[in-house]
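Taking it in order: structure first as structure tokens, then the write-up.
Sequence positions, counted from 1, serve as the residue numbers for this chain. Just so you know, these numbers come straight off a predicted model, no measurement behind them.
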Amino acid sequence: MKPFLEHIKTSKDSSWVLFDRRLSAIPFEWHYNSEYELTLTLNSRGQRFVGDNISRYDDGDLVLIGPKIPHTWCSSEDVCKEREHQALVLWFSDAFVKGMIDPHVELRPVRRLLERSSRALTFSEPVREKAREIICAMVEQGAGARLTGLLNVLLLLAEDDGSLPLASEANQSESFAEATEERIGRVISHLHEHYRDEMVVERLVKVGALSRSSLHRLFKRQTRMTMGMYVAHLRVGHACALLLNSEKPIAVIADEVGYGNLANFNRQFKGLKGQTPREFRRAFQRVLPDGPPARRAVTS
């Protein structure tokens, strides 16, 4: 699994990043960024996990995600078998926003849009179609034209009365000094890699280079939950991906995500999702589009 805190590097000739990602399948990679992220997903269907929201996505999915919101996409099938799954991802920092947008009165709607992105936003179909055309064209453009394209897209999204938030208020995290954020990021990354194992606080203290009390306090301030609750969310989140993208028995899935006791797994799952694992699987199966069986996501 890739590090939980994904670091984005800009090139020397650009103040932001446009990444054209093409894969045979989009894997479940639960992570967050320090930057704003606008993702257009093409030729792909599956599940989108943003904060505490789980939704189906389809070709042309467009989401604006504010800094520090955990998220991932997990594909179940492609739309056209001859083409790869594609994600066009636009990353830009708060420093970019302050330097480019804040001084200009004409761009104030964009600032309000970005403030709303603290809960992540989806957009209406007409706006998604217009944005898709602009973003796809940017792939072949030079740095100057791309910058104009980015501003045009953000202004378009800012005018969308049909935009809707995804994550709950409680999902927003708190900002820290960079060194502290890195330490908590190491702890979170470790939990994502070892969420199936029994949580040993002493090991996490060493990973984060923090005292036991600081670890508990800072972790809760960053994630708005205890480490035990966070691990439960991780286990249930991965269980959701397995329930939707495989035909494995529920007992097997429970064991794979770290629950040796099936009754405990069912109880934890229902507590977080409001449904039993069986009800969750059946609910999504009813809305799956016609087509070949869903494929399990694979790590790139």
[X] side chain near [Y] side chain, heavy-atom distance below 4.5 Å:
{"X": "Gln86", "Y": "Asp20", "answer": "yes"}
{"X": "Asp61", "Y": "Trp73", "answer": "yes"}
{"X": "Leu113", "Y": "Ser163", "answer": "no"}
{"X": "Leu114", "Y": "Leu64", "answer": "yes"}
{"X": "Leu150", "Y": "Leu90", "answer": "yes"}
{"X": "Leu191", "Y": "Val231", "answer": "yes"}
{"X": "His85", "Y": "Asn43", "answer": "no"}
{"X": "Arg48", "Y": "Arg56", "answer": "no"}

Under a 4.0 Å threshold between the charged nitrogen and the carboxylate oxygen, would [Y] count as salt-bridged to [X]?
{"X": "Arg212", "Y": "Glu202", "result": "yes"}
{"X": "Lys273", "Y": "Glu279", "result": "no"}
{"X": "Asp102", "Y": "Arg111", "result": "yes"}
{"X": "Arg45", "Y": "Asp78", "result": "no"}

Minimum heavy-atom distance between [X] and [Y], given as atom pair plus value:
{"X": "Leu62", "Y": "Ala131", "answer": "CD2-CB, 3.7 Å"}
{"X": "Gly162", "Y": "Asp160", "answer": "N-OD1, 2.9 Å"}
{"X": "Ala254", "Y": "Leu262", "answer": "CB-CD1, 4.0 Å"}
{"X": "Gly60", "Y": "Leu40", "answer": "O-CD1, 3.8 Å"}
{"X": "Val187", "Y": "Leu204", "answer": "CG2-O, 3.8 Å"}
{"X": "Leu272", "Y": "Ala232", "answer": "CD1-O, 3.7 Å"}

Distance in Å, [X] [atom1] paired with [Y] [atom2], rounded so as to fall on 0.5 Å steps:
{"X": "Asn261", "Y": "Asp255", "atom1": "CG", "atom2": "CG", "answer": "11.0 Å"}
{"X": "Leu107", "Y": "Leu154", "atom1": "CG", "atom2": "CG", "answer": "9.0 Å"}
{"X": "Glu84", "Y": "Arg21", "atom1": "CD", "atom2": "CZ", "answer": "11.5 Å"}
{"X": "Thr122", "Y": "Leu166", "atom1": "OG1", "atom2": "CG", "answer": "5.0 Å"}
{"X": "Gln47", "Y": "Thr72", "atom1": "CD", "atom2": "OG1", "answer": "11.0 Å"}
{"X": "Ile101", "Y": "Leu151", "atom1": "CD1", "atom2": "CG", "answer": "6.5 Å"}

Among Arg235, His238, His233, the one residue meeting side-chain hydrogen bond (donor to acceptor under 3.5 Å, both in side chains) with Tyr195: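 Between Tyr195 and the candidates, side-chain hydrogen bond (donor to acceptor under 3.5 Å, both in side chains) is satisfied uniquely by His238.
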
Kindly determine whether Met100 and Leu147 satisfy side chain to side chain contact (heavy atoms under 4.5 Å, CB included), including the steps that lead there. CA-CA 10 Å; Met100 176 63 67; Leu147 178 58; 3.9 Å; yes

Pairs flagged by ring pair (Phe, Tyr, Trp, His ring centres under 6.0 Å) wherever residues 241-265 is involved - sequence neighbours left out: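 Applying ring pair (Phe, Tyr, Trp, His ring centres under 6.0 Å) to every pair that reaches into residues 241-265, excluding sequence neighbours, yields Tyr259-Phe265, Phe265-Phe269.
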
Pair listing, side chain to side chain donor-acceptor pair (under 3.5 Å) test, anchored in residues 126-154, at least two apart: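 Pairs touching residues 126-154 that pass the test: Asp59-Arg132.
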
Side-chain heavy atoms under 4.5 angstrom apart, residues restricted to Ile, Leu, Val, Met, Phe, Trp, Tyr: same cluster for [X] and [Y]?
{"X": "Trp91", "Y": "Leu157", "result": "no"}
{"X": "Val153", "Y": "Leu42", "result": "yes"}
{"X": "Phe92", "Y": "Phe19", "result": "no"}
{"X": "Leu234", "Y": "Phe49", "result": "yes"}
{"X": "Met138", "Y": "Val127", "result": "yes"}

State whether a side-chain donor-acceptor pair under 3.5 Å links [X] with [Y].
{"X": "Ser55", "Y": "Asn53", "result": "yes"}
{"X": "Ser117", "Y": "Tyr36", "result": "no"}
{"X": "His71", "Y": "Tyr32", "result": "no"}

Sub-3.5 Å donor-acceptor pair from the side chain of [X] to the main-chain atoms of [Y], do we have one?
{"X": "Ser246", "Y": "Leu242", "answer": "yes"}
{"X": "Ser14", "Y": "Trp16", "answer": "yes"}
{"X": "Ser118", "Y": "Glu115", "answer": "yes"}

Ile69 and Glu37: CA distance, side-chain angles, deciding distance, side chain to side chain contact (heavy atoms under 4.5 Å, CB included) verdict: CA-CA 10 Å; Ile69 302 177; Glu37 176 179 314; over 6 Å; no

Check the pair Leu38, Val89 against side chain to side chain contact (heavy atoms under 4.5 Å, CB included), reporting the backbone distance first and the verdict last. CA-CA 6 Å; Leu38 178 63; Val89 189; over 6 Å; no

Give the C-alpha distance, both sets of side-chain angles, the deciding distance and a yes or no for side chain to side chain contact (heavy atoms under 4.5 Å, CB included) between Leu215 and Val201. CA-CA 9 Å; Leu215 172 63; Val201 175; 4.3 Å; yes

Please enumerate all residues that pass ring pair (Phe, Tyr, Trp, His ring centres under 6.0 Å) together with His190, with sequence neighbours excluded.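 Result, ring pair (Phe, Tyr, Trp, His ring centres under 6.0 Å) vs His190: His194.
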
